[in-house]
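A, B, ... follow the sequence lines: proteins, then strands. Residue 1 opens every chain.
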There are 2 protein chains.
Amino acid sequence: MRGLHADTGYLLYRLGLRSGQLFNTFLQESGVRLRHYAVLRFLATAEGALQRELSARLGYDPSAIVGLVDDLEKLGFAERRPAPDDRRSRIVVLTEDGRAFLRGTDEAGLRVTNDLLAPLDPAERETLHTLLRRIAEDGLT
Amino acid sequence: MRGLHADTGYLLYRLGLRSGQLFNTFLQESGVRLRHYAVLRFLATAEGALQRELSARLGYDPSAIVGLVDDLEKLGFAERRPAPDDRRSRIVVLTEDGRAFLRGTDEAGLRVTNDLLAPLDPAERETLHTLLRRIAEDGLT
DNA sequence: CAACAACTATTGACGATAACAATTATTGCT
DNA sequence: AGCAATAATTGTTATCGTCAATAGTTGTTG
């Protein structure tokens with residue numbers, strides 16, 4: 001009979017849960033959760049995005065995006081602007097406060113990851129990262 | 001500004017979600033979900049376990065274990081037996097049907113994992129697996 | 001040995017998540 | 001002009017994770 005952790009997919013599932021929990025406890029005091037953080041990070045790379053792009057690239061349901069952007073607007077970290085060419089769409093952009101928040105939490109986020117990957121040396125972390133990225137390429141952003 | 005997937009912890013979180021979804025859709029027709037499957041797999045390795053052991057080793061709340069074992073009993077995949085030395089405890093054991101179910105879903109589960117890890121060659125999958133295991137050692141079962 | 005603290009399983013409650021269906025406003029097609 | 005498709009939104013439902021409270025049992029210790 002196979003062992004409990006014989007399966008890589010199951011391992012990923014369990015570690016993903018743990019990673020998410022760590023991130024959330026770290027973000028807790030900032031008033032945002034992991035999903036908000038993901039949106040902010042995406043906005044930072046994209047210099048503005050339609051909500052449907054956020055949905056597609058982050059893998060969250062469109063209805064989830066609505067609430068997340070609502071929260072980010074309340075916090076002053078992002079804004080909705082009308083899309084010039086399509087009145088159905090709204091463009092979500094990072095505010096200056098949002099940028100500052102990202103800068104402030106950046107190295108704290110790295111600390112969380114360091115904590116999680118404690119058993120691995122730097123070379124191994126690099127290997128892990130590139131392998132995960134290769135898997136993620138296909139389907140996620 | 002760092003890219004969206006610059007962070008390994010975040011990557012783990014996203015891939016863990018996807019892995020869990022894949023497993024769940026595959027298990028769906030069997031009437032069990034991922035958490036039930038995890039319990040079954042643990043029971044298979046342990047030849048019976050107290051519920052508090054399931055809780056501690058799988059990381060689920062004791063109150064969650066109750067419902068999961070209830071479901072597994074209804075399906076005929078597991079049974080609760082009195083612990084001989086402590087009348088507070090119950091020992092959960094796999095039934096023959098439970099074992100058969102595990103055998104039947106075993107290679108189907110591997111197919112799911114194969115699907116997920118499609119971008120990697122066998123050697124890379126092996127590397128990924130051992131790296132993830134090293135991380136998991138510390139804290140999970 | 002009697003009182004009390006600790007433990008096991010259970011129930012119940014609550015907020016957070018995730019997945020879907022349905023709606024409204026707008027656009028593109030033909 | 002009519003109709004299918006699309007973007008954002010609302011609402012619903014099921015699951016999840018955590019926490020508090022309870023009943024029954026065990027262990028401790030004063």
Side-chain angles (χ1 to χ4, degrees), chain A residues 13-28 30-39 48-74 78-93 140, chain B residues 13-28 31-39 48-74 78-93 139-140:
Chain A
Y13 164 69
R14 294 305 307 277
L15 290 176
L17 279 186
R18 195 156 92 194
S19 178
Q21 285 167 6
L22 280 178
F23 262 101
N24 267 328
T25 55
F26 138 67
L27 286 173
Q28 195 167 339
S30 320
V32 306
R33 289 187 304 279
L34 187 48
R35 297 159 76 93
H36 300 93
Y37 190 62
V39 171
L50 303 178
Q51 296 188 199
R52 61 155 230 279
E53 288 175 337
L54 290 172
S55 169
R57 303 276 308 258
L58 297 176
Y60 301 145
D61 193 85
S63 59
I65 300 291
V66 174
L68 292 175
V69 176
D70 283 351
D71 296 341
L72 292 177
E73 275 196 326
K74 282 197 195 84
E79 284 177 3
R80 272 183 252 241
R81 294 184 188 161
D85 54 334
D86 188 337
R87 280 195 292 174
R88 291 171 300 180
S89 301
R90 334 269 303 258
I91 296 180
V92 186
V93 295
L140 301 179
Chain B
Y13 163 70
R14 295 303 309 279
L15 290 176
L17 276 186
R18 194 157 93 194
S19 177
Q21 285 168 5
L22 281 177
F23 261 102
N24 266 328
T25 54
F26 138 67
L27 285 173
Q28 196 168 335
V32 305
R33 291 186 302 278
L34 188 47
R35 298 159 73 92
H36 300 92
Y37 190 63
V39 171
L50 303 178
Q51 295 188 200
R52 62 154 227 279
E53 288 175 336
L54 291 173
S55 169
R57 303 280 306 259
L58 296 176
Y60 302 144
D61 194 85
S63 59
I65 301 291
V66 174
L68 292 176
V69 176
D70 283 351
D71 295 342
L72 293 177
E73 275 197 324
K74 281 197 195 85
E79 282 178 5
R80 272 184 252 243
R81 295 185 187 160
D85 54 335
D86 188 337
R87 279 194 293 175
R88 290 171 301 182
S89 303
R90 334 266 307 255
I91 297 179
V92 186
V93 294
L140 297 180

**Q** One pair to check against side chain to side chain contact (heavy atoms under 4.5 Å, CB included): R14(B) and L58(A). What are the steps and the verdict?
**A** CA-CA 9 Å; R14(B) 295 303 309 279; L58(A) 297 176; 4.3 Å; yes
**Q** Identify, between L68(B) and P62(A), the residue whose nearest nucleotide on DNA chain D lies closer to the 5' end.
**A** P62(A)
**Q** Applying side-chain hydrogen bond (donor to acceptor under 3.5 Å, both in side chains), can you list everything that pairs with D61(B), at least two apart in sequence or on another chain?
**A** S63(B)
**Q** Rounded to whole Å, how long is the line connecting atom CD1 of I91(A) with atom P of dA7(D)?
**A** 13 Å
**Q** When you check the phosphate oxygens OP1 and OP2 of dT26(C), does a side-chain N or O of R52(A) lie under 4.0 Å from one of them?
**A** no
**Q** Which parts of nucleotides 22-28 of chain D does protein reach within less than 4.0 Å, heavy atoms only, written one letter per nucleotide 5' to 3' as B for base, S for sugar-phosphate only and - for none?
**A** --BBS--
**Q** May I have the step-by-step check of side chain to side chain contact (heavy atoms under 4.5 Å, CB included) for L72(B) and D70(B), ending in yes or no?
**A** CA-CA 6 Å; L72(B) 293 177; D70(B) 283 351; over 6 Å; no
**Q** Any protein N or O atoms within reach of nucleotides 15-17 of chain C? Criterion: under 3.5 Å, listing atom names and distances.
**A**
from	atom 1	to	atom 2	distance (Å)
dT17(C)	OP1	R33(A)	NE	2.5
dT17(C)	OP2	R33(A)	NE	2.4
dT17(C)	OP2	R33(A)	NH2	2.7

**Q** If I take atom CG in residue D61(B) and atom P in nucleotide dT15(D), what distance separates them, rounded to the nearest angstrom?
**A**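 Checked: the CG to P distance equals 17 Å.
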**Q** Partners of Q21(A) by side chain to side chain contact (heavy atoms under 4.5 Å, CB included), sequence neighbours excluded?
**A** none
**Q** To the nearest Å, how far apart are I65(A) CD1 and dA7(D) P?
**A** 13 Å
**Q** Could you give the CD-to-P distance, from Q51(A) to dT10(D), as a whole number of Å?
**A** 10 Å
**Q** For a 4.5 angstrom cut-off between non-hydrogen side-chain atoms, does R81(A) reach V93(A)?
**A**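 With C-beta onward as the side chain, the pair touches.
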**Q** Would you mind writing out the side-chain donor-acceptor pairs for residues 48-55 of chain A within the sub-3.5 Å range, not counting sequence neighbours?
**A**
from	atom 1	to	atom 2	distance (Å)
Q51(A)	OE1	R80(A)	NH1	2.8
E53(A)	OE1	L50(A)	N	3.0
S55(A)	OG	Y60(A)	O	2.8

**Q** Taking the nucleotide of DNA chain D with the closest heavy atom to each, which residue, Q21(A) or L50(A), is nearer the 5' end?
**A**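 On the 5' side of the pair lies L50(A).
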**Q** Once you apply a heavy-atom cut-off of 4.0 Å, does S63(A) come out as touching a base, just sugar-phosphate, or nothing?
**A** base
**Q** Could you check whether the rings of F26(A) and Y37(A) sit parallel, tilted or perpendicular, using 30° and 60° as the cut-offs?
**A** perpendicular
**Q** CG of D71(B) versus P of dC16(D): gap in Å, rounded?
**A** 10 Å
**Q** Expressed as a whole number of angstroms, how long is the span from R90(A):CZ to dT26(C):P?
**A**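 Answer to the nearest Å: 11 Å.
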**Q** Does R33(B) have any salt bridge (Lys or Arg N to Asp or Glu O under 4.0 Å) partners at least two apart in sequence or in another chain, and if so, which?
**A**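 In terms of salt bridge (Lys or Arg N to Asp or Glu O under 4.0 Å), with neighbours along the sequence ignored, R33(B) is linked to no residue.
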**Q** Listed by chain and number, what are the salt bridge (Lys or Arg N to Asp or Glu O under 4.0 Å) partners of D86(B), not counting sequence neighbours?
**A**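 D86(B) satisfies salt bridge (Lys or Arg N to Asp or Glu O under 4.0 Å) with R88(B) only.
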**Q** I need the CD-C1' distance between E53(A) and dA8(D), as an integer number of Å.
**A**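 Distance check: E53(A) CD to dA8(D) C1' gives 14 Å.
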